[in-house]
**Student:** 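The structure is given below, and queries will be raised subsequently.
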Amino acid sequence: MQFIDELNESQRAAVSYNDGPLLVIAGAGSGKTRVLTYKIAYLLTQGIPAGHILALTFTNKAAREMKQRITRLVGEDVARYLWMGTFHSICARILRAEAEHVGFTKDFTIYDAADQKSLVKKIVKDLQLDDKIYKSGMVLARISSAKANFIDAEAYARNEAYAKIDRLERLYKMASVYAEYNRRLRAANAMDFDDLLMYTVLLLNNNPEVRARYQQRFWHVLVDEYQDTNHTQYLIVKLLAEPQNHVCVVGDDAQSIYSFRGATIENILTFQNGYTGAKLFKLERNYRSTQNIVNAANSLIHKNKGQIYKQVYSEKEVGERLHLTGYSTDREESSSVARQILGLHRLNKRDYEQIAILYRTNAQSRNLEEEMRKLGIPYRIYGGMSFYQRKEIKDAIAYFRLAANGSDDEALERIVNVPKRGIGATTMARVHEAALREGVPMLRVMQSPEVYAAEIAAATQRKLQAFAEKISLFAEQMQQLDAFEFAQLVLNQSGVMADAAMDTTAEGVDRKGNLEELLSGIRQYVEDRKQQGEETSITDFVHEVSLLTDQDENPDDSVSRITMMTVHSAKGLEFPVVFIVGLEENLFPSPFCQSEQEMEEERRLLYVAITRAEQECYLTYASQRWKNGQVNFSNPSRFLKDIDRQYIQQLSAPSAEPSPWRMSAVSNQQSAISYQPSVISNQPTVATRNLKATTGLKPKAEQQTIVSNWNKGDRIDHKVFGKGTVVRVYRENENDKIEIEFDEKGTKTLLLAYAKLQRI
DNA sequence: TGTCTCATTTTTTTT
DNA sequence: AAATGAGACA
């Protein structure tokens, strides 16, 4: 037990307390993960077998890292038997083993967001509801919220609180949509993310002998980031830990930022009610950040009303104050941040790896990305499109999914015509209708269309059968081949690979490259699993992949890069230098929070952001920002006033109102009409859109034309603008002027135009 | 059936 | 700015 010396007093107390449930309130940077890691190591040295310890984390990455740290303490041959993972992956593991108890087979598919959305759309259509009211996003949010609170479709129908909101939104049939949604998932032998949690609770609730088995398996249950658990997760922990209640949860109410996903801070606040005799430990010493950073963050968070009182403190150096800078535009903000990063790298010898830029919304990464590229700063963006979300990858995986689970209608619809097989929407609508009517999977209908859907033309029926046969052939092969061999076979015989290979455009080459990357990923997977002596089938691979997120992608190369991500995904991370950008009203805080509670959550979000910084923290805002293709004027975030001024150094405020670029469009020498003051920055940039209203251009000609970042003499791509159209962009009170003339070619594709930058 | 054009919408965060 | 959806047309 030499490692217990590496802990401070309160950490050690939490680690070695073992007489019952405990709640560890761990301030930011106070060694939360350290406590959890050491606690597990401690349990292991106390003779608890690794296979009897369950540790639940928030992300796969956190689980992986914790496992690595424990491995370093106790060795691989012990650590590998730990049950460690996200709620979702552990639940999936349990559910696959016990699938028949909840009426699924162990090969059930996990539907991702796209599958869910498409399913909801179909249901809304089939139930003949108005899709303007039953928007898929809204419907899914309602369902997800219900599932997070362990409310099934039946209970939903009886639930007055939900009904009230639904009435407000005119979603009178919401309960039936929910019920139908679940029926369809079940028919497809599929679960969504929330089902993984929901069905685990059902499983344990309804099957005493299964429950007893898992309760006997898990002697100790530990939960990280407890402030971000929802009610269903609370139930899972409760059910698994009974009756001994050897539960250890670690969290920080000040960092609760996922209530939009159903997380409830109540879980922390009432922990001691749910587990009588629970002991509370507080970790208040921050080992991460300088005093200025910790104090600034404290002054901010103390403006919140609801919180467990704690005084986080740092004994590191006082450090620099937070640097606050205002800019007139978002472009300026981005380019200045880029220049500062370059400076930090060159002059202060900062490794790029030590620097992160955090923002409220993913959309903000675009500008930043551009500026980084301009200055040659290597970067890594988390969020946005991950590898597994690319079209060709999803297509490939849909083939695997369908082979593994013939009821997976979403996978089927995705690939039935990829590559083109002449099976169009009309045919699929008939297949869908028949499948619904007969209560069979669509694949079955396609196997014998003459039985189920006779109205389909004979020639088309043969196409359907050919497809169905191909899939059953794959399903057969799947039994004999390992994941890599199988994937290779499918990509070749499905035509997906050939399709990509035929396309010689840049995107086509990319697609082919991605597919090859997928293959080599699968090969790697097979090799790894072989070494571990584990299964190497494609189904395991698919199951694993469906629980991955972009956070989990390989840190790839050895190049040192700055990191750009949303504040949410930065939770749990730390960087010597942090830039927090876009600190404006209607962005951060988000324009969507109505209630005071939501505002407090946004404040916690900024608290999380600031406390990521170890040494330097830069805060920026801009007074003009592009949003949804429009310029927005904004004020500095109210949160800036919440931070005690003594910890902030204001470097500069936006200079006087910039003279914006104005744009006018002239059609055939018609009169010029000035357009909204839009464009910004010293780089002449033009954005035109929907000019019809203002210019009277012919209806054909005027859709969205975007030209950005010009230099003298640049050639630019854009859409057809209409014969003889001239667009002028000029800067008020100055003589800079850009004039573009559009010629009339351009039938379908983009027209190349020539931009002339001139001074008049 | 497939492609192209035009119009409308977008509420933020993620396992 | 980008994505989605509807409708026209080959």
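Small disclaimer: the values here were computed from a predicted structure and weren't measured. Convention: sequence-line order gives letters A, B, ...; per-chain numbering from 1.
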**Student:** Choosing from dA1(C), dT10(B), dT12(B), which nucleotide comes nearest the side chain of W626(A)?
**Tutor:**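 Ranking dA1(C), dT10(B), dT12(B) by closest atom to the W626(A) side chain puts dA1(C) first.
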**Student:** Answer whether the closest heavy-atom distance between the side chains of F639(A) and L583(A) falls below 4.5 Å.
**Tutor:**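 A side-chain contact is absent here, since even the closest heavy-atom pair is not under 4.5 Å.
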**Student:** So D194(A), base contact, sugar-phosphate only, or nothing? Heavy-atom distance under 4.0 Å.
**Tutor:**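 Here D194(A) touches no strand at all.
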**Student:** With a 4.5 Å limit on heavy-atom distance, are the side chains of Y226(A) and D228(A) in contact?
**Tutor:**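 The answer is no, as the side chains (C-beta and beyond) never meet within the 4.5 Å cut-off.
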**Student:** Under the salt bridge (charged side-chain N to carboxylate O under 4.0 Å, His left out) rule, collect the residues that match up with E433(A), sequence neighbours excluded.
**Tutor:**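 Here the qualifying residues are R437(A).
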**Student:** List in chain and number order the residues that pass ring-ring contact (aromatic ring centres under 6.0 Å, His included) with H568(A), two or more places apart in sequence or in another chain; answer none if no residue qualifies.
**Tutor:**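 Here the qualifying residues are Y258(A), F260(A).
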**Student:** Please check the phosphate of dA2(C) (OP1 and OP2 only) for any side-chain N or O of R366(A) closer than 4.0 Å.
**Tutor:**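 It does, given that an N or O in the side chain of R366(A) lies less than 4.0 Å from OP1 or OP2 of dA2(C).
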**Student:** What are the residues of residues 256-265 of chain A, sorted by number, that bring a heavy atom to within less than 4.0 Å of DNA chain B?
**Tutor:**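 Output list: Y258(A), F260(A), R261(A).
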**Student:** Would you say S569(A) reaches dT13(B)'s phosphate, i.e. side-chain N/O to OP1/OP2 under 4.0 Å?
**Tutor:**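 So the side chain of S569(A) is outside the cut-off, no N or O lying under 4.0 Å from OP1 or OP2 of dT13(B).
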**Student:** What residues, two or more places apart in sequence or in another chain, satisfy salt bridge (charged side-chain N to carboxylate O under 4.0 Å, His left out) together with R93(A)?
**Tutor:**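 In terms of salt bridge (charged side-chain N to carboxylate O under 4.0 Å, His left out), with neighbours along the sequence ignored, R93(A) is linked to no residue.
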**Student:** Base, sugar-phosphate, or nothing for T427(A), non-hydrogen atoms under 4.0 angstrom?
**Tutor:**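 Sugar-phosphate contact only - T427(A) comes under 4.0 Å of backbone atoms but never of a base.
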**Student:** Please confirm whether the shortest side-chain N or O distance from K135(A) to OP1 or OP2 of dT9(B) is below 4.0 Å.
**Tutor:**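 False: K135(A) side-chain N/O out of range (4.0 Å or more) of dT9(B) OP1/OP2.
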**Student:** Among all residues two or more places apart in sequence or in another chain, which pass the ring-ring contact (aromatic ring centres under 6.0 Å, His included) test with Y359(A)?
**Tutor:**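 By the ring-ring contact (aromatic ring centres under 6.0 Å, His included) rule, Y359(A) matches no residue at all.
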**Student:** Ignoring hydrogens and geometry beyond distance, is the side chain of T361(A) in donor-acceptor contact with the base of dT12(B) at under 3.5 Å?
**Tutor:**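 Such a pair does not exist between side chain and base.
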**Student:** Should N60(A) be listed as having a side-chain N or O under 4.0 Å from OP1 or OP2 of dT15(B)?
**Tutor:**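 So the side-chain polar atoms of N60(A) never come under 4.0 Å of the phosphate oxygens OP1 or OP2 of dT15(B).
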**Student:** Can you tell me which residue pairs pass the salt bridge (charged side-chain N to carboxylate O under 4.0 Å, His left out) test with a partner in residues 132-143 of chain A, sequence neighbours excluded?
**Tutor:**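 Pairs touching residues 132-143 of chain A that pass the test: R142(A)-D166(A).
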**Student:** In whole Å, I'd like the distance from the CD atom of Q389(A) to the C1' atom of dT14(B).
**Tutor:**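 Nearest whole value for this atom pair: 11 Å.
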**Student:** Can you name the salt bridge (charged side-chain N to carboxylate O under 4.0 Å, His left out) partners of E410(A), sequence neighbours left out?
**Tutor:**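 Counting only residues at least two positions away or on another chain, E410(A) forms a salt bridge (charged side-chain N to carboxylate O under 4.0 Å, His left out) with K122(A).
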**Student:** Round to a whole Å and report the spacing from OH of Y226(A) to P of dT15(B).
**Tutor:**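 Atom-to-atom, Y226(A) to dT15(B), this comes out as 20 Å.
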**Student:** When you measure from the side-chain N and O atoms of N586(A) to the phosphate of dT12(B), is any distance below 4.0 Å, counting only OP1 and OP2?
**Tutor:**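 Looking at the OP1 and OP2 atoms of dT12(B), neither is under 4.0 Å from any side-chain N or O of N586(A).
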**Student:** Would you say T566(A) reaches dT12(B)'s phosphate, i.e. side-chain N/O to OP1/OP2 under 4.0 Å?
**Tutor:**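 Negative; the distance criterion is not met.
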**Student:** For residues 414-432 of chain A, which residue pairs pass the salt bridge (charged side-chain N to carboxylate O under 4.0 Å, His left out) check, not counting sequence neighbours?
**Tutor:**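 As it turns out, the salt bridge (charged side-chain N to carboxylate O under 4.0 Å, His left out) pairs with a partner in residues 414-432 of chain A, which skip direct neighbours, are D395(A)-R414(A).
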**Student:** Does dA1(C) have OP1 or OP2 under 4.0 Å away from a side-chain N or O of N367(A)?
**Tutor:**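 The answer is no; no side-chain N or O of N367(A) sits under 4.0 Å from OP1 or OP2.
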**Student:** Quick test: give all pairs of protein nitrogen or oxygen and nucleotides 5-9 of chain C nitrogen or oxygen below 3.5 Å, distance rounded to 0.1 Å.
**Tutor:**
| unit_1 | atom_1 | unit_2 | atom_2 | d |
| --- | --- | --- | --- | --- |
| dG5(C) | OP1 | K121(A) | NZ | 2.2 |

